[in-house]
Amino acid sequence: AKTLKIGTLSPLTGPYAQDGTDILQGVKTAVAVFEKAGGIPGYDKIEVVPGDSACDGGKATMAANKLINSGVAGVVGAYCSSATIPASVPLNQANIVQITPASTHTDVTGRGFKQIFRMPPRDDVQAWSTVKFLEDGLKIKTLALIDDRQTYTVGLTENITEFAKEKNKIKIVALEHITPGDKDFTAVLTKLKRINPDVIYMGVYQPEGSLMVRQAKALGLKSKLLSEDAVFHPKFLEVGGKAAEGTYLTFAKAPETKERKEFEKTYKNMWKAKTVGSYGYYAYDAGMILLETIKKAGTKTNKMVDTLRNTTWSGVTGEIKFDYKGDRKLAHVIWIVKDGKFVPYWDPLTESYF
Amino acid sequence: MDTASFIIQQLINALFLGSIFALIALGYTMVYGIIELINFAHGELFTAGAFIGIIVLAALQKTGFVESHFVITLILVFGMAMAYVAVLGVAIEHVAYKPLRRASRLAAILSALGMSIFLSNGMMLSQGVSDRAYPSILGIEGFSILDARITYGQVFIIVLSLLLMVALQMFVNWTKLGKAMRATAQNQTMARMLGIDIDKTIRVTFMIGPALGAAAGVMVGLYYGSVRFDMGFIYMIKAFAAAILGGIGSIPGAVLGGMIIGGVEVLWSAFLPSEWKDVTTFVVLILVLYLRPSGILGEHVSETRV
Amino acid sequence: MASEQPILKLEDVHTYYGNIHALKGVSCAIPSGDIACLIGANGAGKSTTLLTIFGVQRAAEGKILYKGREIHHLRPEQVAALGVSQTPEGRQIFPRMTTLENLEMGAFLRGDKVAVAEDMEWVFSLFPVLQERTRQLGGTLSGGEQQMLAIGRALMSRPELLLLDEPSLGLAPKLVEKIFETILEISKSGVTIFLVEQNAHMALSISNTGYVMETGRIVLTDKASDLLQNEKVKKAYLGE
Amino acid sequence: MAELVLRNISKRFGGLLAVDNLDLDVSEGMILSLIGPNGAGKTTVFNMITGVYPPSHGTITYRGNKLNHLRSNRIIRNGIARTFQNIRLFKSMTVLENVQVGLHCRTKSGAFRALFRTPHQKQEEKEIIDRAMEILEFLGLVDYRNEYASYLPYGDQRRLEIARAVATQPHMLLLDEPAAGMNPRETAELMELIIKLRDTGLTIFLVEHDMRLVMGISEIVTVLDHGQKIAEGTPKQVQENERVIEAYLGTKSKERA
Amino acid sequence: MPSSNVKKFIVYSLFMGILILPMVGLPSTGFEITRALLVWGVFVGILAFWLLGKSIRGSDAFQSAAGGLAPFRSRLFDNFTKVPTKIYLCLLLFALAAYPQVANNYMVDVGITCLIYVVLGLGLDIVVGLAGLLDLGYIAFYAVGAYTYSLLNLHFGLSFWSCLPIGIVLGAVCGCIIGYPTLRMRGDYLAIVTMGFGEIIRLVLNNWDKLTKGPNGLLGMAKPAIGYPSFAEGGVKWVSYSLKSLHSLYYLILLIAVLTVIGVGRLNNSRIGRAWIAIREDEVAAELSGVPTTWLKLLAYAMGAAFASVAGAFFASKLSYTNPNFFIFMESCIVLCIVVLGGVGSIPGIVLAGIVLIAVPEVSRELQNYRMLVFGLAMAVMMVLRPEGLIPATRHKRELHETEGETYGE
Ligand SMILES: Nc1ncnc2c1ncn2[C@@H]1O[C@H](COP(=O)(O)OP(=O)(O)OP(=O)(O)O)[C@@H](O)[C@H]1O
Ligand SMILES: Nc1ncnc2c1ncn2[C@@H]1O[C@H](COP(=O)(O)OP(=O)(O)OP(=O)(O)O)[C@@H](O)[C@H]1O
Ligand SMILES: [Mg+2]
Ligand SMILES: [Mg+2]
C-alpha cells in the first residue's frame, strides 16, 4: 500500500503556461500509460506532484523544495533555463533525480551535478544542425538573425554565429532583436528587407514567430525564413496560416513508431486536445524513463543515476541515451511547412533530403 | 529597396503602430482624466474586446456570412466588441472603483491592479493560455508606394482609428459631457452641486474609454492575426506612456503621445540597434517629462499658487 | 416679501461626520423671498447645515423640505436641479478651468444660451475684475478673485434659493459692501437667500431673520434687527 | 537698515503685471500691514519673499543677504516664516507633529543618526518635543496636541499654522489673512496673540482685509493697488487717504471705523 | 436584510455576472460555462455572506447584544493592552526564530521569500508610504543589489558582507539618479517615470551581455559566510562557515528583516520621517516650513533603494543565480501591493501583508490556475473593504500624563 510520487516543475501560470501545462499533462499521461501496463511492483499508486515554477528563479526553488518535502522520487522539469538552474540546486542537495524536458541552456548540465538529465538537445546541437543546413543544404551566402533576447533564443543565435564563423561560408549580415510580447515587428523586418539576406533566422517563440511570418509576407520579404523548435507548434500553423508556408524549422525527428501514435491517441483522449504540444512528447518520455528506472533500480538515487546513464531507452522522441553530463544525443532535422503541415525536409547527419 | 522607399515604409509602419497606441491611449486618458486613476485593467478590456471580436467573427464565419456581407460583418464585429466591453467597463467601475472614490488613490490603483489580474487570469482560464488565430479576413493584399508596401487592412485600420479619434473629440467638445467630465475630474463635490450627475458622467466615460480599447483590440486581432489573454499588458504600458507623454486628460495629447511612442519604437529599430528600442522609448518619455513635467499638451498649472 | 409657505424647512436635522455629531437637531423655516442669516462660532455647524441641505452630507435624521417637498434623500445634483445653488466653504473653484469656464459650469443645467449670456454680462458688471481674468485658470486667481468667481458661478444658475457660505470671506472692505448690496438686490428679484456669515454685523443688518447656532443646535431665532440689539449676541458675535 | 528690503520688485504672470516696481522696507520689531484690493498683489509679494517664485525683476534683501533665487527652505532658515491664505496644514499628522515639522530647519540629526539612534539624536528628539510643547502652550493648543490637524475647528487651525511658523524660530513672521473666517471676538483674540508675538521680538508682516485688526495693531500700513504702492503711513494717515478710500476702503467703512 | 442590502446584492451579483463573461469558453474550444459559473457562485456566496453579516451587525438586536458585551470586551482589551508591546514583540520574534525548527524545507523557503518581500515592502514604504512618492519601478534596486553582489563576487571574489555596503551605496546612488528627474513631477507622472526606469534597468541588464551575460544570467555566486574563531588543534584559527542550508539563510534574512523593521521604525519616528510625511501631505507647505524637500525626496529614494539592494544581494546569494527576468514590472506591483494592502506607513501592516501576500498564494498552489484569479479578485475586494490597509497606520501620539489611556485603531 505504498504510493510512488514523482514531481513536475513547469510554468503553470504566466505566459508560458501552455508549454508548462503540456509538460504536466505529458508526465501524467506517462503515469497513466505506465500504470495501465502494470505499474511498479510494491507500489499500488503513482502520484504526480505538480510544481509551478512560473519561469521564475525564486518561485522555482520554492516549488523544488516543496517537491523535496513531499518525498518525490524524481522530478521532471523545469521549463525555462532561468528556473531550472536555480531549482536544480536544492534538488541536487537533496540528491533527487531531475530530468528537464525543455531547458536547453548549456549551464543546466554543465555544472557537475550528477543527477540531472535533459531530454531535448542542447542549444549548440541545434545550432550545429541549423548551420549545417544553411551551409550544405541551402548553400546560402548571407544570413540575418533575429532573437528576442531571452535565455533560450540568445543561446541559439550566439551558437549559430559561432558555428557560422568556423567555416566562414556564411556571412551574418544582421543581428536584430525584438521584445517578447510585442506584436509589431515590421520595423525590424523592413530593415531586413532592405538588406535582403538569403535567409532570416527567427530565434523567437511561437507567438512571435507566427506573427513574424505574416508580417514578412505582408511586407513582401523575399528572404527565406528559418526558425527553431520553440516555434514548432501546431499554433504556428494555425496563426501563421498561409504565410507560414515554406518556413524551415529545426526540430528533432522522431520515428513514426507505433508507440508514438499510441501516445498521441492517449494524450488527445486524456486531455481532450486536438494536438500534442512539442514539450508533451519530451515530458512523456522523461516521465516514462523515470518510471522505468524506478522499476528497474528502485528509488535509490545512485542506482537510478547509473541505470539512467547506462541504458539506451527508446521513446516517442526517438532513441534516448545520456552522455556523462546528462545530455542526450539527438539530432535535429530540418522541417518545412507544406500545405499547412510540418514535413521533414533535410537531414543534417546524412546531408540528404527526406 | 532604396533609401526613399525604406524611409517611407518605416514611416508607414510608425504611423500604423502609432495609431493603435493612440487609440488605446485615448480610452486610457479619458478614464484617467476623470477619476485620476491608473486603470490597470484597461489592457484587459482591450484584450476582452479582441476576444469578443473573435467569437463574433468565428460565429459569422460558420454561417458563411462573412463572404457575402463583408461590411456588415465588420460593423457587427466592432459593434459587438465595443458594446460588450463598454458594459464590462461599467461593471468594473461599479464593483472595483466606485466604492473607492473617497479612499486614497493608492487603494484605487491597487483595486485596478487586482481587477487586471482577475480579468487576465479569467481570460486565461476560459480562452486558453496559448494564442488564438484570428480569422484573417483582411488579407495581405495592398499596394506599393515606390517599393514600400501598405496593405488595405492597414489603410482600413488607420482610417478607422482616425475616424474614432475625431468622433470622440467632437463628441467630447460638442456635448456638455466633456465639460462635465473635466469638472468631475477636478472637484467631484462641486460638480455635483452644479447639477452634474457624476455617476452618470463616470459611467459614460467608463463606456467610451473601454469601447475605444475594444475597437483597438479588434483591430490588433484582425491585423496581426492572433490574440492572447495577456497581450493587453504591453499595450497598456505603451498606452499609459503615450497618455502621460501627451499630457494626461488631453485627447489630442493622447493621439500625439501614441504617435510619438509608435514613431520612436519603429524609427529607432529602423536605424539603430533594435535591442535598445524599449530603453529608448522610456528614455524619451523621461526626457520629455523632465522638460515638461505635465506632458506635451498637458495643462500646465503652476501648482505653487499658495 | 415673505409669503406663508416656507420655501425651505428643516425639521430636527441630525448630521454626522463619522462619529462626530455635527448637527444635533436643527430646525428652521425660511419664507420664500426672505434673507435669512445664520451666525455662530467656528465649528458650530453652519457650513454643515448648508451642506446637509444640499445633500452633500446626508441628514441621518430629520426632514428637509423644499417648497413642501422632501429633499433630504436627494443627491446634490438633484437638489441643484430644483433651483438651489450654493457658494460653498473654501470656494471650490475648478482650478484647471478658466474663469470663463468656471462661470459656464455654473449654468450647466441651463439650456437658454441667450439668457446665460445675459447673466454672464451681469456677473461681469458685478465683478469687473473677473472680466479681466476670463482666460486665467481658476486655480491661479487671487483669494478674493476666487471668492468673486464662486459667487458669480452660483448666480449663473439663476437659483430660486441661494445658499451663501461666508461670501465676504477674503474680500476687500469695499467689495464686502458691494457684496451685501448685491445680496439685497438679488433678493429683491425674488430669490430666497440663506446666508452664513462671520461678519455678523453686516449680515444681520441686511437680513430679515437671524439664527444663532451653537455646537450643532440653533439656540436663538429672531428678527435680525432684534438680534443686532441682543446683548448676548452683541458680546459673542459682534465683538462689542 | 531695515530688516527686509524690497527694491524695484516686479512680478509678471503672462500679460499681467501682478506687482509693479514695488519698494518696501520692513524694520525690525515692527508690525507692518500690507493691504489693498483683491488681486492687488499682496500674496504675490509674500510668495516672492518666501521663494515660491522668483521676482521677475528687482531684489529682495533680508538682513543684508539677497534672497532672490534662494530655495524656500533656505529662506525660512534665514529667519522668515509665513502662514497661508488658504490653510495648508499637514492634515493627517497630529497637532504636535505639525509643530515638530516646523522645527525641522533648526535641528540637525540626519537619517543615519536616526537609524542608529545615537545619543545626540535622542537628546535632540527630546528637545524637539519640549520646544514644540512650549510653542503649543504659548498658543494655547496644548490640549489638542494629539488631535489630527484636520479635526481642529477653523480658528484653531489658523493658530496652528502660526504655531508651525513660529516653530521655525523666525525673526520675521508673514501672516496672510490670519483673520479670514473668524468672527469679531476671535479676531480680537488674534489681535492680542499677534501683539504677544511681536513682544517676543518678532517682526510681523501682515496681509489682512479686516480693518479693525489692521488699524488696531499696525505701526505702518502700506497700500497696494494693481501691484503699485499707492499709500504708506500710520493707520490714521492711510485711513484718511482719499485714494485708499476710493480704491479699497469704500465710503461706508469710514463712518464705521 | 434591509432592502438596500438586497439591492446591493442584486446589483453586484449582476455586474459580477458581466465581469465573468469573458471567461465563458469560445465556440471553437467548446462552449464552457462551468468555470465561469463557479467563479460567479463563489463571488455571490461571499457577497451574500458579507452583506448578511453587515446587516446583522447593523441590526438593533446585535447592537444591544454588543452593547451588553462591551464592558467585557473592553476589559479583555484592557488586559491585552496592559501587557507592554515589547512582550508581544518578543513573543513574535521568538515564534519567528523557532519557525524553522518546526517547519520543513519548503516552508522555510517560503518563509525566506516572505521575509525578503517584507524587507522590500518596508523599503518601498519609505518612498511610497512616508514620502508619498508613487514608485512603480522599485524592483530595479533589488536588481541592483543582486547584480552588484553577483558581479563583485564572481569577478573579484568579494564576500557577501563586503559587497553589502557597496550594494547599499550603489542602490542609493541609483535611487538618486532615478529620483532626480522626478523631483518636479507629481502623482502618476512619477508612476510612469519610475516604471520606465525600472524597465530601463532591467533591459540594460538584459542587453549588456559583456557585463551581465544578458539573459543567460550570472551563476555560481558564493553563499554568505560567517566567521568565528576556533580553538581546536591548539592556537586560534578563524573558521568561516558558509550559510548553505536553508535554515541558516532563514536566520540571516530574519536578521535583515528585523533590522529593517527597526530601521524603518526609527526613521518613521524621527525628524526625517516627520519631514517625509509632511512632504506627502503638502509639499509646498513643507518646503515653506523649512523642510528641504528636494534633498529629502532624494533621501527617501536612496534609503528605499538601499533596503531593496540588501534584499537583492541576499536573494542572489541564496539562489546563487540571477537573471534579468526576475526583476519584471509585476514584481514592483507585488511589492506595492504589500505596502498598500498592509497599510501605507504602517510597519506591522506591511509585515503582515508581506507574509500574507507571498505565503498564501504560494501555499495555495493547489488551486493552480484559479489561484491568480482569486488573488486578483481578493485584492480588489480587500481594497474596497479596507482601503486603509490591513493595519492602518496611526500617527504617534504623545502622552503627558500616565493616566490617559492610549487609543489605537480607527
Ligand atoms: N470633514 C469633516 N470631518 C470631520 N469633522 C468635520 C468635518 N467637517 C466639519 N467637521 C466638524 O463638524 C463641526 C461643524 O463644522 P462646520 O464646518 O459645519 O462649522 P462652521 O460652523 O461652518 O464653522 P466655521 O465658521 O469654521 O466655518 C465641527 O466640529 C467640525 O470639526
Ligand atoms: N500663477 C499665476 N498665474 C497668473 N496670474 C496670477 C498667478 N498668481 C496670481 N496671479 C494674479 O496676480 C494678481 C495678484 O494676485 P495676489 O494673489 O497677489 O492678490 P492678493 O493681493 O493676494 O489678493 P487677495 O486679497 O484677493 O488675496 C491677481 O490678479 C491674480 O489673478
Ligand atoms: Mg463654515
Ligand atoms: Mg491674497
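Note on naming: letters A, B, ... go to the chains in the order of the sequence lines (proteins, then strands), and numbering restarts at 1 for each one.
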*asked:* So for E:Phe197, is it side chain, backbone, both, or neither that comes closer than 4.5 Å to the heavy atoms of chain B?
replied: both

*asked:* Taking side chain as everything from C-beta outward and backbone as N, CA, C, O, which of these in E:Leu136 sits under 4.5 Å from a heavy atom of chain B? Side chain, backbone, both or neither.
replied: side chain

*In chain order, what residues pass the side-chain hydrogen bond (donor to acceptor under 3.5 Å, both in side chains) check against E:Lys297, with sequence neighbours excluded?*
E:Glu283

*Top of E:Cys333, E:Gly196, E:Pro387, E:Ala378 for chain B proximity - count of heavy-atom pairs under 4.5 angstrom*: E:Gly196

*Begin with the C-alpha distance, continue with both residues' side-chain angles, and end with the deciding distance and a verdict on side chain to side chain contact (heavy atoms under 4.5 Å, CB included) for E:Met185 and B:Leu289.*
CA-CA 8 Å; E:Met185 297 170 199; B:Leu289 289 184; 3.5 Å; yes

*Given that the side chain runs from C-beta out, which part of B:Phe40 has a heavy atom under 4.5 Å from chain E: side chain, backbone, both or neither?*
side chain

*So, the side chain of E:Tyr189 versus the backbone of B:Ile248: is there a donor-acceptor pair under 3.5 Å, distance only?*
yes

_Report which part of E:Met382 has an atom under 4.5 Å of a heavy atom belonging to chain B: side chain, backbone, both, or neither._
neither

*Rounded to the nearest 0.5 Å, how far apart are CD of B:Glu275 and CG of E:Asn206?*
10.0 Å

*asked:* Counting heavy-atom pairs under 4.5 Å with chain B, which one of E:Ile200, E:Asn207, E:Val384, E:Leu336 comes out on top?
replied: E:Asn207

*Does the separation of the ring centres of B:Phe118 and E:Phe375 fall below 6.0 angstrom?*
no

*Got a second to check how far E:Met383's CE is from B:Tyr97's OH, nearest 0.5 Å?*
13.0 Å

*Answer with side chain, backbone, both or neither: which region of E:Val204 has an atom nearer than 4.5 Å to a non-hydrogen atom of chain B?*
both

*For B:Leu106, is it the side chain, the backbone, both, or neither that has a heavy atom closer than 4.5 Å to a heavy atom of chain E?*
both

_OH-OG1 distance between B:Tyr290 and E:Thr182, expressed to the nearest 0.5 angstrom_ = 10.5 Å

*What residues form a salt bridge (Lys or Arg N to Asp or Glu O under 4.0 Å) with B:Arg101, not counting sequence neighbours?*
B:Glu93, B:Asp199

*asked:* Does B:Leu113 form a side chain to side chain contact (heavy atoms under 4.5 Å, CB included) with E:Cys337? I'd like the steps, not just the answer.
replied: CA-CA 9 Å; B:Leu113 193 61; E:Cys337 286; 3.9 Å; yes

*Which bit of B:Val85 is near chain E, if near means a heavy-atom gap under 4.5 Å: side chain, backbone, both or neither?*
neither

*Go through B:Ile286, B:Val283, B:Leu291 and name the one with the most non-hydrogen pairs under 4.5 angstrom from chain E.*
B:Ile286

*Side chain, backbone, both or neither: which part of B:Phe233 has a heavy atom under 4.5 Å from chain E?*
side chain

_E:Leu377 and B:Met115: CA distance, side-chain angles, deciding distance, side chain to side chain contact (heavy atoms under 4.5 Å, CB included) verdict_ = CA-CA 6 Å; E:Leu377 191 61; B:Met115 266 297 132; 4.1 Å; yes

*asked:* If I compare all heavy atoms of E:Met195 with all of B:Phe282, which pair ends up nearest, and what's the gap?
replied: CE-CE2, 4.4 Å

*Calculate, to the nearest 0.5 Å, the distance between atoms CZ and OG belonging to E:Arg184 and B:Ser294 respectively.*
9.0 Å

*Side chain from CB out, backbone as N, CA, C, O: work out which of these in B:Arg102 comes under 4.5 Å of a heavy atom of chain E, or both, or neither.*
neither

*asked:* Within a 6.0 Å radius of atom CE on B:Met80, are there more than 12 heavy atoms belonging to other residues, nucleotides or ligands?
replied: no

*Working to the nearest 0.5 Å, report the span between CD1 of B:Ile117 and CE of E:Met379.*
4.5 Å

*chain E heavy atoms under 4.5 Å from B:Leu285: which part of the residue, side chain, backbone, both or neither?*
side chain

*asked:* Let's test your reading of the structure: which of B:Pro273, B:Ala96, B:Ala241 forms the most heavy-atom pairs below 4.5 Å with chain E?
replied: B:Ala241

*Can you list the steps and then say if B:Ile109 with E:Val340 is a side chain to side chain contact (heavy atoms under 4.5 Å, CB included)?*
CA-CA 10 Å; B:Ile109 286 181; E:Val340 181; over 6 Å; no

_Which portion of E:Leu385 sits near chain B, non-hydrogen atoms under 4.5 angstrom_ = neither

*asked:* Can you tell me which of B:Leu110, B:Leu245, B:Thr47, B:Val279 forms the most heavy-atom pairs within a distance under 4.5 Å of chain E?
replied: B:Leu110

*What option among B:Pro99, B:Ala103, B:Ala108, B:Ser120 has the most heavy-atom pairs under 4.5 Å with chain E?*
B:Pro99

